[in-house]
Undergrad: 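One structure, as structure tokens, below. Some questions next.
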Amino acid sequence: MPEQQPLVLIVEDDSQLRQYLTTTLRSHGFKVAEATTWEEGRSLALQLAPDVVLLDLGLPDGDGLSLARELRGASRVPIIVVSARGREEDKILALDMGADDYITKPFGSGELLARIRVALRHSVDPAAPPPSVVEVGGLRMDFLMREVTLNQKPVRLTKNEFDLLAVLIRHAGQVLTNGQLLQEVWGETSKAHATYVRIYMRSLRKKLEADPTRPRLLLTELGIGYRLKPELDSQSE
Ligand code: CA
């Protein structure tokens with residue numbers, strides 16, 4: 001934990017869930033601010049400049065989706081959507097609208113804290129140049145040399161495979177929608193090409209996973225997209 005405690009703004013109208021979130025976060029060294037409505041969420045986000053926002057989609061006086069868009073227009077604060085299971089379209093919309101991640105109810109404290117840590121890690125100075133080498137677990141990507149190694153062994157990737165893996169590793173731990181991946185790698189969002197992502201993900205898994213049918217690195221987020229598993233996770237909880 002950094003010497004300054006990160007401030008998490010919780011925008012959630014369900015008092016039980018809000019209390020659970022607040023208690024969990026405080027006991028792990030976070031400062032917490034609570035908002036129970038769309039309006040309160042917006043004004044506290046602007047006033048307090050939190051380090052992370054946890055955002056419920058169903059708020060009494062408005063739609064969390066539009067609040068995500070509103071906040072994204074005003075700041076770069078990481079937004080984690082807290083969503084009910086089975087609302088895949090809402091999650092995709094929220095992510096495409098600028099949310100950084102989502103967490104599905106019900107969730108445990110370990111998962112919650114891991115997501116917040118990933119979000120904090122990615123909220124770096126936007127003006128800083130991206131690193132030329134990124135390592136996650138045994139996977140290492142050199143963006144200047146366009147070289148990939150897995151446990152020190154070189155892996156040969158096609159251009160599209162490399163570009164797709166580059167997007168995933170730069171956002172390690174964050175979910176990326178099929179639409180975001182298409183846009184980043186192919187520069188288009190047409191649904192007709194959604195199969196591209198699936199095809200290239202399959203070939204990446206063949207090259208990087210010990211068992212491509214049970215991926216441990218390139219995880220599927222059912223109905224949403226993909227997530228590259230970050231190295232520090234679960235076991236530390
Ligand atoms: Ca709600």
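Only this structure's heavy atoms are used, side chains among them; waters, hydrogens and symmetry mates stay out.
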Undergrad: Can you give me the closest heavy-atom contact between R18 and A35, atom names plus distance?
TA: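 Between these two residues, the closest heavy atoms are CD-O, 4.1 Å.
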
Undergrad: Is there a side-chain contact between R117 and L120 (heavy atoms, below 4.5 Å)?
TA: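 Answer no - side chains too far apart.
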
Undergrad: Does some side-chain heavy atom of V11 sit less than 4.5 Å from a side-chain heavy atom of D56?
TA: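 D56 does not reach V11 side chain to side chain.
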
Undergrad: Is there a chain of hydrophobic side chains (I, L, V, M, F, W, Y, each step under 4.5 Å between heavy atoms) that links L46 to I10?
TA: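 Different clusters.
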
Undergrad: Taking atom CD of Q47 as the centre, does the number of heavy atoms from other residues, nucleotides or ligands within less than 6.0 Å exceed 12?
TA: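 Result for CD/Q47: enclosed.
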
Undergrad: Within the side chain of D51, is there an N or O that forms a donor-acceptor pair under 3.5 Å with the backbone of V8?
TA: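 No: the side chain of D51 does not pair with the backbone of V8.
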
Undergrad: Would a distance-only check, ignoring hydrogens and angles, find a side-chain to backbone donor-acceptor pair under 3.5 Å from D100 to I80?
TA: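 No, because the side chain of D100 does not come within donor-acceptor range (under 3.5 Å) of the backbone of I80.
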
Undergrad: Let's go through K207 and L204 carefully: what are the C-alpha distance in whole Å and the side-chain angles of both, what is the deciding distance for side-chain contact (heavy atoms from CB on, under 4.5 Å) to 0.1 Å, and is it a yes or a no?
TA: CA-CA 5 Å; K207 293 180 180 183; L204 273 180; 5.7 Å; no

Undergrad: State, yes or no, whether a side-chain contact exists between L113 and L25 at a heavy-atom distance under 4.5 Å.
TA: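 Yes, their side chains come closer than 4.5 Å.
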
Undergrad: Within this structure, what is the CG-CD distance for the pair L9 and E34, rounded to the nearest 0.5 Å?
TA: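 Rounded to the nearest 0.5 Å, the CG-CD separation comes out at 9.5 Å.
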
Undergrad: Is there a side-chain contact between Y196 and L164 in this structure, where contact means two heavy atoms from C-beta onward sitting under 4.5 Å apart?
TA: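 Sidechains of L164 and Y196: no contact.
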
Undergrad: So does L219 get a backbone contact from the side chain of R227, meaning a donor-acceptor N/O pair under 3.5 Å?
TA: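 No: the side chain of R227 does not pair with the backbone of L219.
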
Undergrad: What's the spacing between M97 CE and R69 CZ if we round to 0.5 Å?
TA: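 Interatomic distance, M97 CE to R69 CZ, rounded to 0.5 Å: 4.5 Å.
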
Undergrad: Do T220 and Y226 have side-chain heavy atoms sitting under 4.5 Å apart?
TA: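 They are in contact (side-chain heavy atoms under 4.5 Å apart), so the answer is yes.
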
Undergrad: For A94 and V81, which heavy atoms make the closest approach, and how far apart are they?
TA: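 Looks like CB-CG2, 3.7 Å.
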
Undergrad: For side-chain hydrogen bond (donor to acceptor under 3.5 Å, both in side chains), just list the numbers for T36 and E40, CA-CA rounded to whole Å, side-chain angles, deciding distance to a tenth of an Å, and then say yes or no.
TA: CA-CA 7 Å; T36 60; E40 198 182 5; 3.2 Å; yes

Undergrad: What's the shortest heavy-atom distance between P6 and G29, and which atoms?
TA: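 The pair with the smallest heavy-atom distance is CD-O, 4.2 Å.
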
Undergrad: Of all heavy-atom pairs between R42 and L67, which one has the smallest distance, and what is that distance?
TA: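 R42 and L67 have their closest heavy atoms at CB-CD1, 3.8 Å.
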
Undergrad: Kindly compute the distance separating CD (E111) from CD1 (I103), expressed to the nearest 0.5 Å.
TA: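 E111 CD to I103 CD1: 4.0 Å, rounded to 0.5 Å.
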
Undergrad: Does the side chain of Q174 reach to within under 4.5 Å of the side chain of P230, using non-hydrogen atoms?
TA: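 With C-beta onward as the side chain, the pair stays apart.
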
Undergrad: Hey, any chance V136 and L208 share a hydrophobic cluster, counting ILVMFWY side chains that come within less than 4.5 Å of each other, even indirectly?
TA: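 Yes, same cluster.
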
Undergrad: With a 4.5 Å cut-off on side-chain heavy-atom distances among I, L, V, M, F, W and Y, is there a chain of contacts connecting I79 to L59?
TA: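 I79 and L59: one cluster.
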
Undergrad: Keeping the roles fixed (side chain from S75, backbone from V77), state whether a donor-acceptor pair exists under 3.5 Å.
TA: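 Yes.
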
Undergrad: Quick one: which of L176, N178, L95 gives a side-chain contact (heavy atoms from CB on, under 4.5 Å) with I224?
TA: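 Checked L176, N178, L95 against I224; only one passes side-chain contact (heavy atoms from CB on, under 4.5 Å): L95.
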
Undergrad: Between T104 and K91, is any pair of side-chain heavy atoms under 4.5 Å apart?
TA: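 Yes; the side chains approach each other to less than 4.5 Å.
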
Undergrad: Is there a side-chain contact between L48 and L7 (heavy atoms, below 4.5 Å)?
TA: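 Yes, close enough: below the 4.5 Å cut-off.
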
Undergrad: To the nearest 0.5 Å, what is the distance between OG1 on T22 and CD on E12?
TA: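 Rounded to the nearest 0.5 Å, the OG1-CD separation comes to 10.0 Å.
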
Undergrad: If every non-hydrogen atom of T37 is compared with every non-hydrogen atom of P60, which pair is closest and at what distance?
TA: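 Of all heavy-atom pairs spanning T37 and P60, the closest is CG2-CG, 4.2 Å.
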
Undergrad: How many angstroms lie between atom CD of E184 and atom CZ of R170, to the nearest 0.5 angstrom?
TA: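 The distance works out to 10.0 Å.
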
Undergrad: Whether the side chain of Y20 engages the backbone of S15 through a donor-acceptor N/O pair (distance < 3.5 Å, no angle test) should be reported.
TA: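 No.
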
Undergrad: Do you know the tightest heavy-atom contact between D13 and G58?
TA: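 Residues D13 and G58, closest heavy atoms: OD1-O, 3.3 Å.
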
Undergrad: D14 side chain to L17 main-chain N or O, any donor-acceptor pair under 3.5 Å?
TA: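 Confirmed, D14 side chain pairs with L17 backbone.
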
Undergrad: Look up atom CD in E161 and atom CE in M201, then write down how far apart they are to the nearest 0.5 Å.
TA: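 Those atoms lie 10.5 Å apart.
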
Undergrad: I would like to know whether L181 and Y200 meet side-chain contact (heavy atoms from CB on, under 4.5 Å); could you show each step before the answer?
TA: CA-CA 11 Å; L181 292 168; Y200 282 96; over 6 Å; no

Undergrad: Between L218 and L182, is there shared hydrophobic-cluster membership here, with clusters defined by ILVMFWY side-chain heavy atoms closer than 4.5 Å?
TA: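 L218 clusters together with L182.
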
Undergrad: Scan the side chains in residues 137-156 for donor-acceptor partners under 3.5 Å anywhere in the protein, sequence neighbours excluded, and list what turns up.
TA:
| residue | atom | partner | partner atom | Å |
| --- | --- | --- | --- | --- |
| D142 | OD1 | L144 | N | 3.0 |
| D142 | OD1 | M145 | N | 2.9 |
| R146 | NH2 | D163 | OD1 | 2.9 |

Undergrad: Using only atom types and a distance under 3.5 Å, with no angle test, would you say the side chain of R115 pairs donor to acceptor with the backbone of Y102?
TA: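 Yes, because the side chain of R115 sits within donor-acceptor range (under 3.5 Å) of the backbone of Y102.
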
Undergrad: Do the side chain of E209 and the main chain of D211 share a donor and acceptor less than 3.5 angstrom apart?
TA: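 Checking the backbone N and O of D211 against the side chain of E209, no donor-acceptor pair under 3.5 Å is found.
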
Undergrad: Does G64 offer a backbone N or O that forms a donor-acceptor pair with the side chain of W38 under 3.5 Å?
TA: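 Not at all, since once roles are kept as given, no pair shorter than 3.5 Å links the two residues.
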
Undergrad: Taking it one step at a time, do D90 and L57 satisfy side-chain contact (heavy atoms from CB on, under 4.5 Å)?
TA: CA-CA 8 Å; D90 282 353; L57 290 183; 3.7 Å; yes

